[in-house]
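Here's the structure we're looking at; comments come further down.
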Amino acid sequence: MKVGVVGAGLMGAEIALVFALGGMDVVLSDREDAALDRAIVRLEALLDKGVARGAYLPDQRRDGLARIVTTTGLAAFAECDLVTEAVFESLEVKSAVLRSLDAVCRPDCVIASNTSTLPISTLAAALPAERRAGFLGTHYFSPVSRMALVEVVAGFETDPTRTGWIAEVLRGIGKTPIVIKDVAGFAVNRMLHAMIIEAVRLVEEGVATPEDLDTACRLGLGHPIGPFALMDVVTSDLCLQAQEIMHDAYGERFRPPALLKQRVAAGLGGGRSRPGWIRREG
Ligand SMILES: NC(=O)c1ccc[n+]([C@@H]2O[C@H](COP(=O)([O-])OP(=O)(O)OC[C@H]3O[C@@H](n4cnc5c(N)ncnc54)[C@H](O)[C@@H]3O)[C@@H](O)[C@H]2O)c1
């Protein structure tokens, strides 16, 4: 089986890695060689650190990287059975990539999107009608080499046999898929942001500090990381963006808390270079 990945960023590079470690031949593409070089250096470091040797990976062979071929074109995708796009989170950029894939991929190739917020059925509109049965979402979680879950998202026109097929493929590389309907936020982000919104409200009301609420989630609920430390990693900006999309879709219950908006506007969104809730240093 041959697999393609478009976009060699944070997610795409590791998606390529988990398929390669699962024993598949992988083509990884990006717009320029520099992005591909950076991706390979990062994957080598991951393997060196042993980060990608999660218990769920069925095949820990160090030669996994040797199965990844990089390219700045899309021609090699003509031989792929599955192609996953992990380019920028933009309807325009993703739609253009999907149109290009439609032009090169075999009719039976399954095309998957790793979008975290765009509806699969909206993205499907970029493809001709006969392609949409084989188009679906595969929502991976960061870091992909460690997080076993994949939300497999069926769009309005996705053929259920293709969601079943991809779930089987994902199990084969050590992932644990769940098949869900195409709704805003999918399943995981709806649960996560319901909790994050309530956690920020608790801080707004002066009930507890972010540190104590993180402790509560870790020691009381068994979560590996608390909501505030998590926001510092993924950035409060991205959390706010996700909540705005879900507020639009579901109304009041996903209204972003005022404090979260204020902190984002104040440049306290966390990430690599800015202070966050728990990490005070930028
Ligand atoms: N970062 C996360 O935690 C996370 C989690 C789940 C899903 N996602 C989704 O995964 C996708 C990628 O996110 P990321 O964090 O890896 O982004 P990123 O910015 O790290 O990587 C995107 C890559 O796509 C490349 N790219 C952009 N346009 C392209 C094109 N036309 N052709 C080829 N390559 C192109 C860029 O050069 C870049 O290397 C997004 O849709 C995002 O919403 C991200």
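Note that these values count all heavy atoms, side chains included, but never hydrogens, waters or copies made by symmetry. Order of listing sets the numbers, starting from 1, for every ligand and every atom in it.
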For this session: Report all protein residues having a heavy-atom distance below 4.0 Å to some atom of ligand 1; order the list by chain, then number.
Result: V6, G7, A8, G9, L10, M11, D30, R31, A86, V87, F88, E89, V93, K94, V97, N114, T115, S116, H139, Y140, S142

Exercise. For R190, what residues pass the salt bridge (Lys or Arg N to Asp or Glu O under 4.0 Å) criterion, not counting sequence neighbours?
Worked result: none

Exercise. Under the salt bridge (Lys or Arg N to Asp or Glu O under 4.0 Å) test, which residues partner R106, sequence neighbours left out?
Worked result: D81, D108

For this session: Decide salt bridge (charged side-chain N to carboxylate O under 4.0 Å, His left out) for R263 and D237; before the verdict, give the C-alpha distance in whole Å, the side-chain angles of both, and the deciding distance to 0.1 Å.
Result: CA-CA 9 Å; R263 289 185 65 91; D237 308 56; over 6 Å; no

Exercise. Who pairs with A133 by side-chain contact (heavy atoms from CB on, under 4.5 Å), at least two apart in sequence or on another chain?
Worked result: D159

For this session: Without swapping roles, check the side chain of D232 against the backbone of I278 for a donor-acceptor pair under 3.5 Å.
Result: yes

For this session: Please answer whether the main-chain N or O of V144 pairs with a side-chain N or O of K175 as donor and acceptor at a distance below 3.5 Å.
Result: yes

